[in-house]
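Just so you know, these numbers use all the heavy atoms, side chains as well, and skip hydrogens, waters and symmetry mates. Throughout, a chain's letter reflects where its sequence line sits, starting with A, and its residues are numbered from 1.
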Amino acid sequence: MLQVNLIRKQKEWVLERLAVKNFHEPALVDRVLELDDQRRSLQTASEQLLARRNAASKEIGALMGQGKKEEAESRKKEVADLKEKLEQIEKDLAIADKDLQDALVRLPNLPSEKVPRGKTPEDNEVVRQGGTIPQLPEGSVPHWDLIRKYDIVDFETGVKITGSGFPLFKGQGAKLQRALVAYFLDYNTGAGYTEYIPPYMVNEATAYGTGQLPDKEGQMYYMPADNFYMIPTAEVPVTNIFRDEILKEPDLPVKMTAHSPCFRREAGSFGKDVRGLNRVHQFDKVEIVQLVHPSTSYDVLEDMVLHVEKLVQSLGLPYRILRLCGGDMSFASALTYDFEVYSAAQEKWLEVSSVSNFESFQTNRMKIRYKDADGKTQLVHSLNGSSMALPRIIAAILENNQFDGGIRIPEVIQPYFGKDTIN
RNA sequence: GGAGGAGUGCAGGAGUGGUUGAACUGGCACGCCUGGAAAGUGUGUAUACUCGAAAGGGUAUCAAGGGUUCGAAUCCCUUCUCCUCCGCCA
């Protein structure tokens, strides 16, 4: 959520930035300002009345103490008058306040200066590319066929148990995922991230904090009996760990990592893009999150990109890093880098990680602040990234590393997997 | 799920309708003291919004929300959380 003060002070600049995200609703921005004015003047009015009421009440107390009952009674009547006015103003204030919030949460984050202009994924900027695209041997097949061949993921039984998009990992497939998760977590904790296992269901306040609510309600699985949401990513519970907290400056940066299953309804997806492990309703992911001093967040973003890049490299997968254009970025992000790995049999780039700086957009909502040396409290900046999404990594490993006798396991995973080949 | 008890500031812990943003103790910060430290001593110790150029005001916040009252940390209602006992249970 943007800070109203910023909009008030630099409206033109805000509009210009929003345009980069292809967000053209100057009327909404005007409405925010109008509601903010309204709110402030109503608040001043109500507070003045309250101040008068409080003063009068104090006097009544004093008069009662002195036994001057009649004077006290007449003052009481005065206050009763105030009360009526007050009630109306407070009602209006509550409405203005709510309308302001509603308008404010509809404004996306401002993209940073580095964000390329553009509307579609084609406008994303390739920052760099690494690894080599393998020459697959004759008779190579996509991962959905390999999965059958080696009996490592059973989609049909997943359908029986739950429904489409809920894969059942089995045998060497289950173990490969476990090995990757363990490797990713070790890699992250080795870089100073603290490991967490968060709750996989969250309440409304938490979903609101990271911006899943109120907009993306339909994308999460919802448990009406308890009013909980299944998490779409560990980012949600993990970033909320520090909701409503004030950190001390030396506590920064806070670095956290967590593995979790992710649940996404993804209503409306179909076709060959969703074949096999490309897109599913339940998948596992290891996430990294940082809460940092505002002055460092863009350096930290580059660090996180490098961190993930080395991780991809260590798996020996061909990859590219994209700087997302204004039109392809998420609502809350100020700057996002996507990682894609090349899945050689389906001849396709698959997004496996997304690393973003949210600046104070999330923390303003969540009220995650720090106290600086002067004792002033300020919002921290939040960043997160996947490190990484499991099913697509598995798809790429399977396809790129296939040979006659099976599938070669990346060297760094072998100690976790216990052998060097799936066969 | 049933029956009881409890939720106060950084922490412990007072406070049952009226100068209580909140005693007291501890912690922490700064100052004095000291060659330095400890002890001692003094001062300070929230957050948000808002008015103001600033100095400085105002309002709100004693789990959350609502109500009673001229006035609520204190009374009433609802919700949440924690503790104890019973039931169920990996």
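Counting to the nearest Å, the C1' atom of B:C51 and the CZ atom of A:Arg39 are 13 Å from each other. Rounding to whole angstrom units, CD of residue A:Gln43 and P of B:U61 are separated by 13 Å. To the nearest angstrom, C1' of B:U79 lies 13 Å from CD of A:Glu204. Counting to the nearest Å, the C1' atom of B:G66 and the CD atom of A:Glu90 are 13 Å from each other. Between the CZ atom of A:Arg53 and the P atom of B:U59 there is a distance of 10 Å, rounded to whole Å. Regarding A:Arg8, its CZ atom lies at a distance of 6 Å from the P atom of B:U50, rounded to whole Å. Taking atom CZ of residue A:Arg243 and atom C1' of nucleotide B:A64, one finds them 13 Å apart after rounding to whole Å. The distance from atom CZ of A:Arg40 to atom C1' of B:U59 is 16 Å, rounded to the nearest whole Å.
In this structure, A:Asn5 does not reach the B:C49 phosphate: none of its side-chain N or O atoms is under 4.0 Å from OP1 or OP2. Put simply, A:Asn54 has a side-chain N or O that comes within less than 4.0 Å of OP1 or OP2 on B:U59.
Looking at heavy-atom distances under 4.0 Å, A:Ile60 makes contact with a base. Looking at heavy-atom distances under 4.0 Å, A:Ala51 makes contact with sugar-phosphate atoms alone, never a base.
In this structure, B:A6 and B:U81 make a Watson-Crick or G-U wobble pair, each of the two defining distances being under 3.5 angstrom. In a base pair of the Watson-Crick type (N1 to N3 plus N6-O4 or O6-N4) or a G-U wobble (N1-O2 and O6-N3), with each distance short of 3.5 Å, B:A72 is matched with no nucleotide. With a cut-off of 3.5 Å on both Watson-Crick or G-U wobble distances, the partner of B:G44 is given as B:C28. Across all strands shown, B:G35 forms no Watson-Crick or G-U wobble pair with both distances under 3.5 Å.
Checked against the 6.0 Å centroid criterion, the rings of A:Tyr370 and A:His293 qualify as a close aromatic pair. Checked against the 6.0 Å centroid threshold, A:His307 and A:Tyr193 count as a close aromatic pair.
Ring planes of A:Phe361 and A:Phe331: perpendicular class, angle over 60° (limits at 30 and 60°).
Ionic pairing of A:Lys119 and A:Asp328 is not present here: no N-O contact between side-chain nitrogen and carboxylate oxygen is shorter than 4.0 angstrom.
When all heavy atoms are compared, the tightest approach of A:Phe155 to A:Leu277 is CZ-CD2, 3.8 Å.
Neither side chain, A:Gln212 nor A:Gln219, offers a donor N or O lying under 3.5 Å from an acceptor on the other.
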Could you list, one pair per line, each protein nitrogen or oxygen that sits under 3.5 Å from a nitrogen or oxygen of nucleotides 45-47 of chain B, together with the distance?
residue, atom, partner, partner atom, Å
B:U47, OP1, A:Lys371, NZ, 3.0
B:U47, O3', A:Arg369, NH1, 3.1

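Partners of A:Glu113 by salt bridge (charged side-chain N to carboxylate O under 4.0 Å, His left out), not counting sequence neighbours, listed by chain and number: A:Arg17.
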